[in-house]
Amino acid sequence: MYRWKSSFDEEEGDRADKPRRYGVTEMRVPSYTLFTQNLLQDTFESMGQFVDGLKFTGGSNSMMPKSFIKDVTDMAHKHNVYVSTGDWAEHLLRKGPSGFKEYIEECTRMGFDTVEFNMGSLGFPEETLLRFVRLIKKAGLKAKPQFSVKFEKSDIPRTGNRAYGSYVVPTPQTSEMIEDLDLLIKRAERCLEAGADMIMIDADDVCKYADTVRSDIIANVIGRLGLEKTMFEASNAKTLEWFINQYGPRVNLFVDQVQVLNLECLRGQNLGNRHRSVLGASSYLF
């Protein structure tokens with residue numbers, strides 16, 4: 001297996017081997033293109049060592065034959081890659097606890113390892129959603145509740161030209177965002193207490209504006225929940241770089257397939273402050 005290696009490993013630590021507890025890279029199933037087993041096989045063979053998880057998104061797994069999904073999950077497991085259902089479970093909640101239980105059983109048969117569902121779905125009471133977390137864990141699967149971070153566009157600082165990565169404290173137009181963020185974190189903490197393995201943060205409204213990112217939002221989430229227990233969606237290369245620069249290679253990120261190698265290079269560059277480049281004089285592959 002290939003992995004990043006540095007002459008400063010003894011002092012600063014090497015990239016952990018799979019299965020990793022932090023520095024996790026979860027890859028989106030390429031549902032926006034023609035998705036074939038050959039494409040996935042090529043992906044795993046070329047960069048599977050950098051991929052920790054594979055996630056079906058947008059309910060794409062519901063559109064595929066069960067035999068195909070089982071082949072995909074089996075292939076992923078051969079490369080030590082876990083498979084997540086993505087954001088589809090919330091559509092099964094309409095059927096109530098019995099329908100959700102049947103869905104969990106089906107996920108187990110199909111070879112899924114992680115069930116992700118949106119904690120803001122359908123206005124269910126929090127205690128009901130926490131019971132779903134326990135139901136997932138009882139089935140032997142990992143639970144990953146998803147939360148969305150929202151804020152008012154008027155809260156984005158508008159200061160004109162400034163260096164990328166610098167942060168200017170905005171003048172809040174409303175206190176609603178702060179209250180919602182605190183509630184989000186408290187609910188996420190209760191999910192972890194109920195047995196959830198990781199919290200997925202859909203911070204699209206944050207990451208969409210990488211040059212004016214509300215770094216206080218991300219800092220509050222990570223500060224309260226911990227780096228190991230949170231995963232963020234990084235929607236573009238600029239956002240990847242921001243997360244790695246701010247929180248180092250240990251941050252858990254969900255990315256598109258085309259960003260996997262770029263992310264791993266960024267992680268390698270940030271293993272230590274003296275790592276000049278993952279392909280430079282201080283690093284080599286073996």
Side-chain angles (χ1 to χ4, degrees), residues 19 21-22 24 26 28-29 52-64 66 69-70 73 76-77 82-150 176 179-205 217 220-233 252 254:
R21 294 183 296 107
Y22 47 79
V24 173
E26 188 171 280
R28 186 195 313 269
V29 166
D52 299 273
L54 178 72
K55 180 164 79 170
F56 288 82
T57 59
S60 55
N61 51 319
S62 67
M63 306 292 290
M64 301 175 183
K66 293 181 179 180
I69 295 176
K70 189 62 171 65
T73 57
H77 293 157
Y82 70 81
V83 187
S84 172
T85 60
D87 48 354
W88 180 244
E90 52 265 32
H91 297 281
L92 279 299
L93 296 181
R94 295 185 178 92
K95 298 182 179 180
S98 60
F100 191 76
K101 185 177 180 180
E102 292 175 2
Y103 172 69
I104 298 303
E105 293 172 350
E106 184 73 7
C107 289
T108 303
R109 288 193 294 271
M110 292 295 99
F112 285 99
D113 307 283
T114 300
V115 174
E116 182 178 312
F117 66 97
N118 194 324
M119 287 295 289
S121 297
L122 306 178
F124 272 83
E126 181 176 302
E127 186 52 43
T128 300
L129 295 173
L130 292 178
R131 283 201 297 269
F132 289 147
V133 171
R134 299 185 188 103
L135 184 63
I136 294 169
K137 295 299 295 181
K138 186 177 180 181
L141 303 176
K142 292 185 177 181
K144 188 193 291 184
Q146 177 188 354
F147 292 85
S148 297
V149 176
K150 303 292 181 182
E176 182 178 355
E179 294 172 355
D180 287 348
L181 179 62
D182 187 60
L183 177 61
L184 179 154
I185 295 174
K186 288 180 178 178
R187 295 183 69 195
E189 288 173 334
R190 287 193 281 269
C191 285
L192 292 174
E193 291 171 359
D197 298 271
M198 187 176 288
I199 303 298
M200 181 69 188
I201 302 296
D202 177 9
D204 187 57
D205 277 1
I217 295 177
N220 278 327
V221 171
I222 291 178
R224 293 270 295 274
L225 303 180
L227 200 61
E228 183 180 325
K229 292 295 184 179
T230 52
M231 176 176 286
F232 297 90
E233 179 173 358
N252 304 315
F254 168 56

Practice task
Please report the shortest heavy-atom distance between Leu227 and Asn252, naming the atom on each side.
Solution key: O-ND2, 3.2 Å
Practice task
For the residue pair Cys107 and Leu141, establish whether any side-chain heavy-atom pair is separated by less than 4.5 Å.
Solution key: yes
Practice task
Identify the two heavy atoms, one from Arg190 and one from Leu130, that lie closest to each other, and give their separation to 0.1 Å.
Solution key: O-CD2, 3.8 Å
Problem - Side-chain touch Phe100/Thr128, heavy atoms, less than 4.5 angstrom - result: no
Fill in the blank from the handout: Separation between CZ (Arg224) and CD1 (Ile185), nearest 0.5 Å, reads 4.5 Å
Handout entry: Parallel, tilted or perpendicular: rings of Phe56 and Phe112 (30°, 60°)
Key = perpendicular
Problem - Interatomic distance, Thr230 atom OG1 to Ile201 atom CD1 [nearest 0.5 angstrom] - result: 7.0 Å
Problem - Distance, nearest 0.5 Å, that separates OG1 of Thr85 from CD of Glu106 - result: 12.5 Å
Problem - Glu127/Arg134 salt bridge by N-O under 4.0 Å criterion - result: yes
Problem - Heavy-atom closest contact (Glu233 atom, Arg28 atom, distance) - result: OE2-NH2, 3.2 Å
Practice task
Report the distance from atom CZ of Arg21 to atom NZ of Lys229, rounding to the nearest 0.5 Å.
Solution key: 9.0 Å
Problem - Lys/Arg N to Asp/Glu carboxylate O, Glu26 vs Lys144, below 4.0 Å - result: yes
Problem - Side chains of Asn118 and Met200 in contact at under 4.5 Å (non-hydrogen atoms) - result: no
Problem - Closest approach of Ile136 to Lys142 (non-hydrogen atoms, all atoms of both residues) - result: CG2-O, 3.6 Å
Practice task
Determine, for Lys186 against Glu189, whether the closest basic-nitrogen to carboxylate-oxygen distance falls under 4.0 angstrom.
Solution key: no
Handout entry: Nearest-0.5 Å distance that lies between atom OG1 in Thr108 and atom CG in Asp113
Key = 9.5 Å
Exercise for the section: Taking the side chain as every heavy atom from C-beta outward, state whether Lys70 and Lys66 have any atom pair closer than 4.5 Å. Expected result: no
Handout entry: Value rounded to 0.5 Å, distance of CE in Met198 from CE in Met231
Key = 4.5 Å
Handout entry: Side-chain heavy-atom pair Val221, Phe147 within 4.5 angstrom cut-off
Key = no
Problem - Stepwise side chain to side chain contact (heavy atoms under 4.5 Å, CB included) check, Phe132 with Ile104 - result: CA-CA 10 Å; Phe132 289 147; Ile104 298 303; over 6 Å; no
Problem - Candidate list Asp197, Ile199, Leu225, test side chain to side chain contact (heavy atoms under 4.5 Å, CB included), partner Cys191, passing option - result: Ile199
Handout entry: For the student: nearest non-hydrogen atoms of Ser148 and Leu184, plus distance
Key = O-CD1, 3.3 Å
Fill in the blank from the handout: Of all heavy-atom pairs linking Val133 and Ala143, the shortest is CG1-CB, 4.1 Å
